[in-house]
Number of protein chains: 2
Amino acid sequence: MRFITGSKEEILGQLHRFSGDEVQAETEAVVKAIIAEVRADGDDALFRFTERFDGVKLTDFRVPQEALEQAFNQVEPDFIEALEQAKANILSYHQKQKQSGFVDTEKNGVLRGQLIRPLETAGIYVPGGTAAYPSSVLMNILPAKIAGVPRIIMVTPPGKDGMNPHILAAAAIAGADEVYQIGGAQAIAALAFGTDSIPKVDKIVGPGNLFVALAKREVFGIVDIDMIAGPSEIVVVADATANPRFVAADLLSQAEHDKLARAILITTSEQFGKSVADEVEKQLQTLPRVEIATASIANFGQVIVTETLADAFEIMNDIAPEHLEIQLENAIDYLSYVKNAGSVFLGAYASEPLGDYFAGPNHVLPTSGTARFFSPLGVADFCKRTSFISYTKEALAKEKDAIVLLAEKEGLTAHARAIQIRFEEEN
Amino acid sequence: MRFITGSKEEILGQLHRFSGDEVQAETEAVVKAIIAEVRADGDDALFRFTERFDGVKLTDFRVPQEALEQAFNQVEPDFIEALEQAKANILSYHQKQKQSGFVDTEKNGVLRGQLIRPLETAGIYVPGGTAAYPSSVLMNILPAKIAGVPRIIMVTPPGKDGMNPHILAAAAIAGADEVYQIGGAQAIAALAFGTDSIPKVDKIVGPGNLFVALAKREVFGIVDIDMIAGPSEIVVVADATANPRFVAADLLSQAEHDKLARAILITTSEQFGKSVADEVEKQLQTLPRVEIATASIANFGQVIVTETLADAFEIMNDIAPEHLEIQLENAIDYLSYVKNAGSVFLGAYASEPLGDYFAGPNHVLPTSGTARFFSPLGVADFCKRTSFISYTKEALAKEKDAIVLLAEKEGLTAHARAIQIRFEEEN
């Protein structure tokens, strides 16, 4: 792991930053062409792309409900049991995110309110192949369920040897209303514009490769999307009271995801930093995904040694990590120092994988510094707000002159007239 | 106005839909080039573009605080008074949108919570020229204020004859922390990437022309943005009990905005529809913005006559209008039929301009059918959520086997290890 030490300013100057330029222009052109073809040819284009990219010749995209039930009965009972427990935790956490509308009756003759309504359809993208994670199926679908979305459409690429039964079982447990075997940019285009087979949705969520990410960006505005996902990261803030073996194991759980993943320790103790780096090397060798984790640690693994804990938190906030572990005594006391982070894990036993799978908060989190402004996936992502007002004539009479004045100042005479006409004698 | 009658299915088949294709590829290329130049050359590029596009040679973008105070003293006192009243209404409405975080203590040894925090910086784009609306300054800045954003940056294009004092006065009233004279795609690029003069922000909101809209879309992900704005619209659902003069005036208040604006009446009474269409023609002739309003009405003005009120609401929901007026007796009874609309105006006296300027709900609303999934601008747009968890060793012990099972099923051994290592004897 690379060691960075010095004053806060020196460290901030040396941080590797995600520039967004990893996104290639050529891929963007390919994605645009795929989307245009799906818009023009609908299902025919989808069948062609599925044969070309997934190597599978389909005649129907819909996965029948019986296939989901079959998968549910086919996978190990203890896996089902574990998913059901995770589901209960995810539901009970997200239930608390539910928002209500309001009606305000402050002034006589005036109602002002806000409705909160579920989207009517949500599209959930679930990656295939080695990145097919049943836990992601739960994390993406369950908040939509709690929001009350009546039609949840899941799409996932077809496999050459059939569908992954663990993914289908998770879809059954989470309660997907319809599942379609379609992946890549073509799946995103189908969900955004609709085809004869695939319904048009209001919002597309879920992780995916570069094609999927660029396609989501491209259709943003035609439908809503969750966020633009980039390489993910963990920052652990720890001092010498922490257990270096725990910290190393948690850093590696991030590193095994992806060669671009970033695992960063920020500590006030160089000695502790060295112990963690040694542990990382030691534990690394025993991992099945040693090649991925080694590349991630070699390229992006960092131990940042700061002069003070306050500096540590300022640097962490500058990074704005997806996952933040605070392995300090009385870790919760430091929560108020956290400005930018997707999800925070407090103390020695709130290990990141606990949050990935089980505790309840969502594992779909803002990556690559976007925790400055994006939030974890949640119930609010599947709701929309509508404001409303109701005025009596008497209530409007009190405010009409000010409204007319403002409208006229902006040169919008018809706006002013719409108010004035209501007080003319001939009505 | 164009009349459309028939069954619900026949009407839905004839609706003009916004396709998004109005956005030209050439403009997109120009916008990308502007952004690249600002990223590469910073302020130098900004000075060049300002001279080229705005015809103004600047040496400094910052509008000094004194200029804001001067503007405040320079404009008419009754204008200030009207803006202050509007501000009070906007604040009291948006105050009710504030959300709190939570902590859940359902299980022994487990804390699960959510923090809600303001963004650290927000960038507010305010158009110049004829589309410079002081009311928009309030509508964009005040929700950020209530969210608690400590640094609110406003940008607006420079005018050849200096800055618009009404806009500056509104900025002072709303409480912009810094104002810069910079507009167009170059302003969006500056806010997204930062230059020596212009600070990098977390989120960019506010309306603008096609260049601004495309630039916002282009930088989405580097920063957050509010929404992609398209042509705006009003739908009035009314029956024969409504006053055709009121309805016509409200339709025209939308039509005077823009030649692409859509003003639509949906009614169960063809006779009433005719009265409204006649009134529109009559009132149209007296408007200063007659040319714009005439084009809007001729191209997009519609009277849709449905067989039932239920059909009327289904068609309205399909359109998903930015503004919805319900001019029926006991209008509030129909609120539950509204699935997709930005803002709803109930009854004969809740005229749309009342909401544009004064009542309190935001006038920055989802346009062009995006009310299916986007919401009015609000306090939530200037906040981010962060989840957190804390577990004792005992609490983790109860769940560890299920977590390990799920991690191993996903092939993520290091995730499983991070849990297991905490229960090994050698700790």
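Note on naming: letters A, B, ... go to the chains in the order of the sequence lines (proteins, then strands), and numbering restarts at 1 for each one. No experiment lies behind these values; they were computed from the predicted model shown.
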* Any side-chain heavy atom of B:Ser92 sitting closer than 4.5 Å to one from A:Arg112? -> yes
* To do: Determine the interplanar angle of the A:Phe220 and B:Phe220 rings, folded into 0 to 90°, and report it as parallel if under 30°, tilted if 30 to 60°, perpendicular if over 60°.
  => parallel
* Answer yes or no: is there a side-chain heavy-atom contact under 4.5 Å between B:Arg372 and A:Asp224? => no
* Asked: Under a 4.5 Å cut-off applied to non-hydrogen side-chain atoms, are B:Glu76 and A:Leu405 in contact?
  -> no
* Asked: Using non-hydrogen atoms only, which part of A:Ile332 is less than 4.5 Å away from chain B: side chain, backbone, both, or neither?
  -> side chain
* **Lys/Arg-Asp/Glu bridge criterion (N-O < 4.0 Å) met for B:Asp381, A:Arg385** => yes
* Asked: Should the pair A:Asp250-B:Arg422 be classified as a salt bridge under the 4.0 Å nitrogen-to-oxygen rule?
  -> yes
* **Side-chain ion pair, B:Asp78 and A:Lys409, N-O less than 4.0 Å** => no
* Ring centroid separation A:Phe102 to B:Tyr93 under 6.0 Å -> yes
* For residues B:Leu412 and A:His257, determine if any side-chain heavy atom of one lies less than 4.5 Å from a side-chain heavy atom of the other. => yes
* Asked: Considering only heavy atoms from C-beta outward, does the side chain of B:Leu354 approach that of A:Ile403 to under 4.5 Å?
  -> yes
* Asked: Hey, which of B:Glu399, B:Glu410, B:His415 is the one that makes side-chain hydrogen bond (donor to acceptor under 3.5 Å, both in side chains) with A:Tyr357?
  -> B:Glu410
